[in-house]
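Here the structure comes first, spelled out in structure tokens, and everything after it is commentary.
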Amino acid sequence: QVQLVESGGGLVQAGGSLRLSCVASGLRFSTTAMGWFRQARGKEREFVAVFSRTGGYENYADSVRGRFTISRDSAKRAMYLQMNDLKPEDTAVYYCAADRSIISSSLYNADEWDYWGQGTQVTVSA
């Protein structure tokens, strides 16, 4: 059974930083695509950052590029999202996602991912 557990969300002032963590179990971490998505109230879930299945490719949404950094630690079966220079528009529930067989063209589409964590709230005050 695949489980993804996020942590690290919270309330922070604009310009501050947070680090989200996602610990995975029940899957072969080294060959699984991993990603972060977020969903603000009243909006659709959107892509934030992603690792391909081999980990050799990573990408970011334009809105976070240069401020957010995705990383992974295979030994700990963990993925991280370091978020710096946070803005009020970054406020959302952040979700960890995983998929064993997703193709590159589908990485940015939340509907294509098989496994999701429960989400962690990030709130950025102005």
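All residue numbers refer to positions in the sequence shown, counting from 1.
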Do we get Arg19 above Tyr80's six-membered ring, with its NZ or CZ under 6.0 Å from the centre and within 45° of the axis?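 Judged by the rule, Arg19 and Tyr80 form a cation-pi pair.
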
Is the terminal nitrogen or CZ of Arg45 (NZ for Lys, CZ for Arg) located under 6.0 angstrom from the six-membered ring centre of Trp113 and within 45° of that ring's axis?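 Not satisfied by the 6.0 Å and 45° rule.
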
Answer yes or no: is there a donor N or O on one side and an acceptor on the other, between the side chain of [X] and the main chain of [Y], under 3.5 Å?
| X | Y | result |
| --- | --- | --- |
| Thr123 | Leu11 | no |
| Thr32 | Arg28 | yes |
| Asp99 | Asp114 | yes |
| Thr120 | Gly9 | yes |
| Glu6 | Cys96 | yes |
| Arg38 | Val93 | no |

Aromatic ring proximity Trp36/Phe68, centre distance under 6.0 Å: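 No, the ring centres sit 6.0 Å or more apart.
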
Would you mind reporting whether Gln82 and Ile70 have side-chain heavy atoms less than 4.5 Å apart?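 Not touching, per the 4.5 Å side-chain cut-off.
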
Min side-chain heavy-atom separation Leu18-Leu86 under 4.5 Å: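 Result yes, sub-4.5 Å side-chain heavy-atom pair found.
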
Inter-residue atom distance [X].[atom1] - [Y].[atom2], 0.5 Å rounding:
| X | Y | atom1 | atom2 | result |
| --- | --- | --- | --- | --- |
| Glu112 | Ser105 | CD | OG | 8.0 Å |
| Lys43 | Arg41 | NZ | CZ | 12.5 Å |
| Arg67 | Asp85 | CZ | CG | 6.0 Å |
| Tyr94 | Leu20 | OH | CG | 7.5 Å |
| Ser30 | Arg72 | OG | CZ | 7.5 Å |

Could you check Thr91 against Gln121 for side-chain contact (heavy atoms from CB on, under 4.5 Å), going step by step and ending with a plain yes or no? CA-CA 8 Å; Thr91 295; Gln121 176 71 47; 4.0 Å; yes

Is there a continuous path of hydrophobic side-chain contacts, each under 4.5 Å between heavy atoms, that joins [X] to [Y]?
| X | Y | value |
| --- | --- | --- |
| Phe37 | Tyr60 | no |
| Leu81 | Val23 | no |
| Tyr57 | Ile103 | no |
| Phe51 | Leu27 | yes |
| Val50 | Tyr95 | yes |

Give the minimum heavy-atom separation between [X] and [Y], together with the two atoms involved.
| X | Y | value |
| --- | --- | --- |
| Cys22 | Met34 | SG-CE, 4.3 Å |
| Val64 | Val48 | CG2-O, 3.6 Å |
| Ala40 | Ala92 | N-CB, 3.7 Å |
| Ala126 | Ala14 | CA-CB, 4.4 Å |
| Ile102 | Ala33 | CG2-CB, 3.6 Å |

Taking atom CZ as the centre, does Arg100 end up with more than 12 heavy-atom neighbours from other residues, nucleotides or ligands that are less than 6.0 angstrom away?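 Yes - once you tally the heavy atoms of other residues, nucleotides and ligands closer than 6.0 Å, there are more than 12.
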
Can Gln13 and Val124 be said to form a side-chain contact (heavy atoms from CB on, under 4.5 Å), step by step? CA-CA 5 Å; Gln13 289 187 331; Val124 185; over 6 Å; no

Verdict with supporting geometry, Asp90 and Lys87, salt bridge (charged side-chain N to carboxylate O under 4.0 Å, His left out): CA-CA 5 Å; Asp90 295 318; Lys87 304 176 180 181; over 6 Å; no

